[in-house]
Amino acid sequence: MALRHYFLLLAALAVTQSGLAQVTSDTLRLVGDQFSFTEGPAADRAGNVFFTDQPNNRIWKYGIDGSLSVFMENAGRSNGLYVDREGFLIACADEHNELWRIGMDGSLEKLVTGYRDSVFNGPNDVWVSPAGLIYFTDPYYQRDYWERTAPDMQAQALYVYHEGQVKRLDDAFKQPNGIIGTPDGKFLYVADIGDSKIYRYRIRRDGSLSDKRLFAPQGSDGMTIDEQGNIYLTGKGVTVYDSDGNQIDHIPVPSGWTANVCFGGPERDFLFITARDKVFTLKMNVKGVK
């Protein structure tokens, strides 16, 4: 039995080392450390990355030229971000528990302000499908800038917004958080960080979900996906799973918590990592999807 366990350990190490050779090609590079808590990185079509510093109520921009600049002040305490197919920034603005659409000129539209007669817990992370449907998670994290001290509704759920309507898709979570979908719009991955699980759904043609399955026995804050279908999870560093749910890599990050990741740059070949008061980039052997 001991010999069998030894060979299983060797096989696991081989898989991990193989994954490392496949997805990473460099070491972490510190971009900045002047923040309070960074979150929500999202790349536009050119490869510029937008990310949030929620305690300071700002959205920052990391340009493809390597520059850092403040994109928006008074940003609704935005958390997760995603750039939609029209180039708008979709923001989980949890100061007043809303979903925003922000133009590159700074124009603002409030898409969603509540569900039925209730205020959202606090929209947290968001993904926009190729068909333009906006999927977002709504866990409850008590904020020091809220007057309320308890949620308006008990459900911590997954929602979809489309053409002025918001629908609840699943509320069987302890605390949903990270979310990402495949570029063909066929599958959606959602993290239940409160239960240390990642689920995968099949997306129907009408945008509803089916075939919910456990994908990985690990929770995640933010998530992203690469061109090979590998899923990147965050928390203690960055953990990479292939599309079959096998762990193939772990990227250590020198911070107490890694909140989120995305691919950026003109070629989508670097990983942009938000980690508490710092942001990093990492050159990759794989590319993200547009």
Seminar exercise, completed: side chain to side chain contact (heavy atoms under 4.5 Å, CB included) with Ile180: of Ile225, Leu188, Val190, only one passes, and it is Ile225
For this session: Heavy atoms only: give me the nearest Ala91-Ile102 pair and the separation to one decimal.
Result: CB-CD1, 4.0 Å
Exercise. Is atom CZ of Arg45 surrounded by more than 12 heavy atoms (other residues, nucleotides or ligands) closer than 6.0 Å?
Worked result: no
Seminar exercise, completed: Scanning both residues in full, the closest heavy-atom pair of Ala259 with Thr38 reads CB-O, 3.5 Å
For this session: Verify the neighbour count for atom CG of Asp206: are there more than 12 heavy atoms of other residues, nucleotides or ligands below 6.0 Å?
Result: yes
Problem set entry | Sub-6.0 Å ring centroid separation between Tyr62 and Phe51 | no
For this session: Tell me, yes or no, whether the heavy-atom count around His162 atom NE2, taken from other residues, nucleotides or ligands under 6.0 Å, exceeds 12.
Result: yes
Exercise. Do the charged groups of Asp195 and Lys197 touch, with an N to O distance under 4.0 Å?
Worked result: yes
Exercise. Has Arg200 got its NZ or CZ under 6.0 Å from the middle of the six-membered ring of Phe187, at an angle within 45 degrees of the ring axis?
Worked result: yes
For this session: Please step through side-chain hydrogen bond (donor to acceptor under 3.5 Å, both in side chains) for the pair Asp242 and Asn230, ending with a clear verdict.
Result: CA-CA 4 Å; Asp242 67 18; Asn230 300 315; over 6 Å; no
Problem set entry | Candidate pair Asp221 and Trp257, rule side-chain hydrogen bond (donor to acceptor under 3.5 Å, both in side chains), full reasoning | CA-CA 9 Å; Asp221 202 335; Trp257 187 254; 2.9 Å; yes
Problem set entry | SB check Glu227 Lys287 (cutoff 4.0 Å) | no
Exercise. Of the non-hydrogen atoms in Ala172 and Asp192, which two are nearest, and what is the gap between them?
Worked result: O-OD2, 4.4 Å
Exercise. Would you say the side chains of Asn56 and Asp53 form a donor-acceptor pair under 3.5 Å?
Worked result: yes
Exercise. Is Gln154 atom CD crowded by more than 12 heavy atoms from other residues, nucleotides or ligands, each under 6.0 Å away?
Worked result: no
Exercise. So which heavy atom on Leu99 is nearest to which on Cys92, and how close?
Worked result: CD1-SG, 4.1 Å
Problem set entry | Pair Tyr135-Asp125, side-chain donor/acceptor within less than 3.5 Å | no
For this session: Quick one: sort the Tyr232 and Phe263 rings into parallel, tilted or perpendicular, breaks at 30° and 60°.
Result: perpendicular
Seminar exercise, completed: Minimal heavy-atom distance between Phe280 and Ala275, with the atoms involved, is CE1-CB, 4.1 Å
Exercise. Take atom CD in Gln165; do more than 12 heavy atoms of anything else shown fall under 6.0 Å from it?
Worked result: no
Problem set entry | Note: Arg213-Asp211 ion pair, threshold 4.0 Å (strictly below) | yes
Problem set entry | CA sep, side-chain torsions, deciding dist, call: Tyr140, Gln175, side-chain hydrogen bond (donor to acceptor under 3.5 Å, both in side chains) | CA-CA 7 Å; Tyr140 188 85; Gln175 198 168 43; over 6 Å; no
Problem set entry | Heavy-atom pair with the smallest gap, counting every atom of Asn260 and Pro41 | CB-CD, 3.3 Å
Exercise. Centre of Phe37's six-membered ring, under 6.0 Å away, within 45 degrees of the axis: is that where NZ or CZ of Arg276 sits?
Worked result: no
Exercise. Who are the ring pair (Phe, Tyr, Trp, His ring centres under 6.0 Å) partners of Phe71, not counting sequence neighbours?
Worked result: Phe50
For this session: For the residue pair Asp170 and Tyr159, confirm or rule out a side-chain donor-acceptor distance under 3.5 Å.
Result: no
